[in-house]
Amino acid sequence: MSENRQVRVRFAPSPTGDLHVGNIRTALFDWAYARHTAGKFVFRIEDTDRERVTDQYIQAAADTLRWLGLDWDEGPEVGGPHGPYLQSQRLAIYKEWADRFLDQGDAYLCFCTNEELEARREAAKESNRPPGYDGACRDLSESDRKRLSDEGRKPVIRMRMPDGSTTFNDLIRGEVTFDHKFVPDFVLMRNDGSPLYTLAVAVDDVLMKITHILRGEDLLSSTPRQIRVYQAMGVKVEDYPIFAHLPFVMGTDNAKLSKRNGEVSIAWYRERGFLPEAICNYLALLGWSPGDDRENVTLSELAELFDVSRVNASPARFDMKKLEAINGEKIRALSIDELLERSLPFLKSSKVITGTQDEIEVIRKALPLIQERIITLSEVVGMVSFLFGEDVVVAEDEATKISDEVSRATLKAAKEVLELVSEWSEISIESALRGELIEKMGLKPRVAFTPVRIAVTGSHISPPLFESLALLGKTRTLRRISALL
RNA sequence: GGCCCCGUCGUCUAGCGGCCUAGGACUCUGGCUUCUCAAGCCAGCUACGAGGGUUCGAAUCCCUUCGGGGCUGCCA
């Protein structure tokens with residue numbers, strides 16, 4: 001392509017469900033490449049034959065991209081000079097080009113029915129010939145076409161693949177060549193006038209002046225067909241988009257990540273309290289690396305550093321543990337105000353709080369205690385819920401941990417000494433408890449505090465005890481201890 | 001089956017002929033710290049799929065082989 005063209009990259013998902021991890025990794029790299037080169041990031045919806053689900057899909061997809069911080073320069077909601085950006089609204093354009101290919105002799109009408117094709121494919125397979133289209137309708141005469149049409153057959157438009165081969169330079173894989181013997185003539189348009197992916201994608205990329213196509217490697221072998229469309233459109237070789245086929249994101253087994261082998265929906269991660277910056281950071285490192293040992297990458301750093309040539313050619317396994325580790329790190333890096341703001345939706349939707357000022361103040365004080373103990377935002381809920389309500393539910397297995405004599409004596413002593421604490425603060429609580437249970441009774445700290453912890457928080461795992469009691473208040477602390485005596 | 005892509009610790013990766021007795025991160029194991037759980041700190045385990053070349057020298061180049069994946073649609 002010409003060196004001085006402005007870079008234009010597109011993310012073009014098809015509306016087959018929620019945006020998933022693989023989609024987003026592609027979107028992230030598309031975005032990063034566009035931003036890195038000061039180019040344009042185009043968002044396009046590949047909905048050639050699914051008009052009905054489009055509206056809500058587009059909204060969800062746009063919402064997800066926005067949430068992640070991947071802003072687009074052209075596309076749904078923002079428009080742009082090369083729209084519309086929904087393929088379902090561009091049907092006339094595809095038809096026009098298909099007709100033109102027909103006129104030019106690049107494409108031809110194919111009257112074969114699905115059943116016929118299938119039968120011939122089977123036969124070809126059995127006799128060890130390649131299973132692609134056999135070219136039956138390639139050189140039909142005018143009278144042949146009339147006869148077939150009179151039979152009531154409605155033709156599709158099929159692209160003619162000339163003899164020879166297609167070679168292109170993939171930014172990630174280097175030079176790739178396909179012999180046309182293995183690239184059979186393909187359908188551009190169904191007999192109802194709807195376009196197929198190969199037609200629509202190529203036409204749109206040319207018309208939208210896309211310069212770089214970064215997409216999944218599953219599309220690698222369809223590239224010669226797309227290039228064939230460019231040729232038929234009269235695009236000069238130097239103006240062809242440049243391809244970069246990204247490796248797959250794999251599940252825990254060795255298959256492409258899907259619902260069956262992992263959590264794929266970005267919405268799922270969002271609902272669990274994964275931070276968008278953590279998802280982006282993790283995904284950026286999946287198949288790409290900045291080259292040094294840095295693991296912490298923000299979106300703006302990614303935009304600055306991203307280079308397609310540093311993308312790995314081999315597939316990468318999605319590792320939840322590492323995502324969690326990064327998410328935990330990002331949470332710990334948040335200020336309390338940020339953490340509060342991001343936690344609130346989880347606390348409200350789980351009904352732990354309604355959102356009053358008093359409740360929020362309690363949360364604000366509790367957050368520093370739990371910030372380093374959570375790996376996702378949704379865990380805030382379980383960590384702070386004991387601070388609300390008069391009583392706490394002590395589960396059976398927790399209760400049995402402290403049903404012995406020593407524990408009961410400890411609780412009793414704790415209650416008595418806490419009753420005497422006049423200024424209810426973390427420091428006075430700690431000195432009271434330590435003085436009584438550790439020094440006087442001679443208990444090990446672990447033995448001494450566990451009963452109190454369980455009685456008051458409901459679990460042997462909790463935020464630091466003295467701070468927790470201070471937040472809870474004297475009345476409820478004593479009430480809960482008494483409940484177990 | 002055919003075509004195409006891929007192959008470094010369990011996982012993500014660094015590595016582009018000597019700096020590699022292969023580095024980092026996550027995981028895992030052990031330890032320190034400690035009121036629990038975390039966090040933090042320290043230590044440890046573990047990898048160039050195999051076989052041939054080329055070269056003074058190969059994880060790095062070539063070939064073969066094995067393994068994995070994708071495509072082979074009037075899906076995208």
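Both backbone and side-chain heavy atoms feed into the values below; hydrogens, waters and symmetry mates do not. Labels below follow one simple rule: chain letters A, B, ... track the order of the sequence lines, proteins then strands, and each chain is numbered from 1.
Candidate nucleotides B:G73, B:C37, B:C12 were compared by shortest atom distance to the side chain of A:Arg373, and B:C37 ranks first. Proximity note for A:Asn191 (side chain, C-beta onward) versus B:C37, B:C74, B:U13: the nearest is B:C74. Closest to the side chain of A:Arg446, out of B:U36, B:C4, B:U27, is B:U36. Considering only side-chain atoms of A:Met250, the nucleotide from B:G69, B:A76, B:G10 that sits closest is B:G69. Of all nucleotides listed (B:G40, B:C26, B:C75), B:G40 comes nearest to the side chain of A:Arg332. Of the candidates B:G24, B:A38, B:A76, B:G24 carries the atom nearest the A:Asp293 side chain, counting heavy atoms from C-beta on. Taking only side-chain atoms of A:Leu117, from C-beta outward, the nucleotide of B:G15, B:C74, B:G69 with the closest atom is B:C74. Ranking B:C75, B:G69, B:A76 by closeness to the A:Arg190 side chain, first place goes to B:C75. Across B:U11, B:A25, B:A14, the shortest atom-to-atom separation from the side chain of A:Lys322 is found for B:A25. Candidate nucleotides B:C3, B:A76, B:C35 were compared by shortest atom distance to the side chain of A:Glu46, and B:A76 ranks first.
Between the side chains of A:Asn327 and A:Tyr269, no donor N or O sits under 3.5 Å from an acceptor N or O. Between the side chains of A:Arg145 and A:Ser149, not a single donor N or O lies within less than 3.5 Å of an accepting N or O. A side-chain donor from one of A:Ser425 and A:Ser428 sits under 3.5 Å from a side-chain acceptor of the other.
Relative orientation of the A:Trp288 and A:Phe306 rings is tilted, given thresholds of 30° and 60° on the angle between their planes.
Where A:Ala313 and A:Pro13 each meet RNA chain B at their nearest nucleotide, the meeting point lying more 5' is that of A:Ala313. Residues A:Arg25 and A:Phe111 both approach RNA chain B. Their nearest nucleotides, taken by heavy-atom distance, put A:Arg25 toward the 5′ side.
Summarising the base pairing, B:A43 is matched to B:U29 through a Watson-Crick or G-U wobble pair whose two defining distances lie under 3.5 Å. When both pairing distances are held under 3.5 Å, B:G7 makes a Watson-Crick or G-U pair with B:C66.
Contact annotation: A:Arg158 reaches the phosphate of B:C74 (side-chain N/O to OP1 or OP2, under 4.0 Å). For A:Arg317, no side-chain nitrogen or oxygen approaches OP1 or OP2 of B:G10 to under 4.0 Å. Regarding contacts with the backbone of B:A76, a side-chain N or O of A:Thr48 is found under 4.0 angstrom from either OP1 or OP2. Phosphate proximity of B:G7 to A:Asn312: absent, as no side-chain N or O sits under 4.0 Å from OP1 or OP2. For A:Arg121 and B:C74, the shortest distance from a side-chain N or O to OP1 or OP2 is below 4.0 Å. Residue A:Ser289 places at least one side-chain N or O under 4.0 Å from the OP1 or OP2 atom of B:A14. Contact check, A:Arg310 against B:A14: a side-chain N or O comes under 4.0 Å of OP1 or OP2. When the side-chain nitrogen and oxygen atoms of A:Arg173 are compared with OP1 and OP2 of B:G7, none of them lie within a distance under 4.0 Å.
For the C1' atoms, the distance from B:U27 to B:C12 is 11 Å, rounded to whole Å. Only the P atoms considered, B:C61 is 12 Å distant from B:C6, to the nearest whole Å. B:G40 and B:G1 have their P atoms separated by 49 Å, given to the nearest Å. Between B:G24 and B:U46, the two C1' atoms lie 15 Å apart (nearest whole Å). Taking atom P in both B:C63 and B:C5, one finds a spacing of 12 Å when rounded to whole Å. B:U64 and B:C56 have their C1' atoms separated by 26 Å, given to the nearest Å. Straight-line distance between the P atoms of B:G44 and B:G23: roughly 11 Å, to the nearest whole Å. Straight-line distance between the P atoms of B:A14 and B:A25: roughly 15 Å, to the nearest whole Å.
Atoms CD1 (A:Ile331) and C1' (B:C37) sit 16 Å apart, rounded to a whole Å. The distance from atom CD of A:Glu430 to atom C1' of B:U34 is 12 Å, rounded to the nearest whole Å. Rounded to whole Å, atom P of B:U13 lies 12 Å from atom CD1 of A:Ile172. Atom CE in A:Met320 sits about 18 Å away from atom P in B:U11, given to the nearest Å. One atom, NZ of A:Lys321, and another, P of B:C26, lie 14 Å apart when rounded to the nearest Å. Note: CD1 (A:Ile461) to P (B:A39) measures 12 Å, nearest angstrom. The distance between atom CG of A:Leu433 and atom P of B:U36, rounded to the nearest whole Å, is 14 Å. Atom CD of A:Glu118 is separated from atom C1' of B:U72 by 14 Å (rounded to the nearest Å).
In terms of heavy atoms, A:Pro195 sits closest to A:Leu91 at CD-CD1, 3.8 Å.
Applying the 3.5 Å distance criterion, the base of B:G40 shares no donor-acceptor pair with the side chain of A:Glu372. Contact of A:Arg453 with B:C35 (side chain to base): a donor-acceptor pair of N or O atoms is detected under 3.5 Å.
Between the side chain of A:Ser459 and the backbone N or O of A:Ser462, no donor-acceptor pair lies under 3.5 Å. Side-chain atoms of A:Gln87 never come within 3.5 Å of backbone atoms of A:Tyr197 as a donor-acceptor pair (strictly under, hydrogens ignored).
Geometric assessment of A:Arg225 against the ring of A:Phe186 yields a positive cation-pi assignment under the 6.0 Å and 45° thresholds.
In this structure, A:Leu219 reaches the bases: a heavy-atom distance under 4.0 Å links it to at least one base atom across the strands shown.
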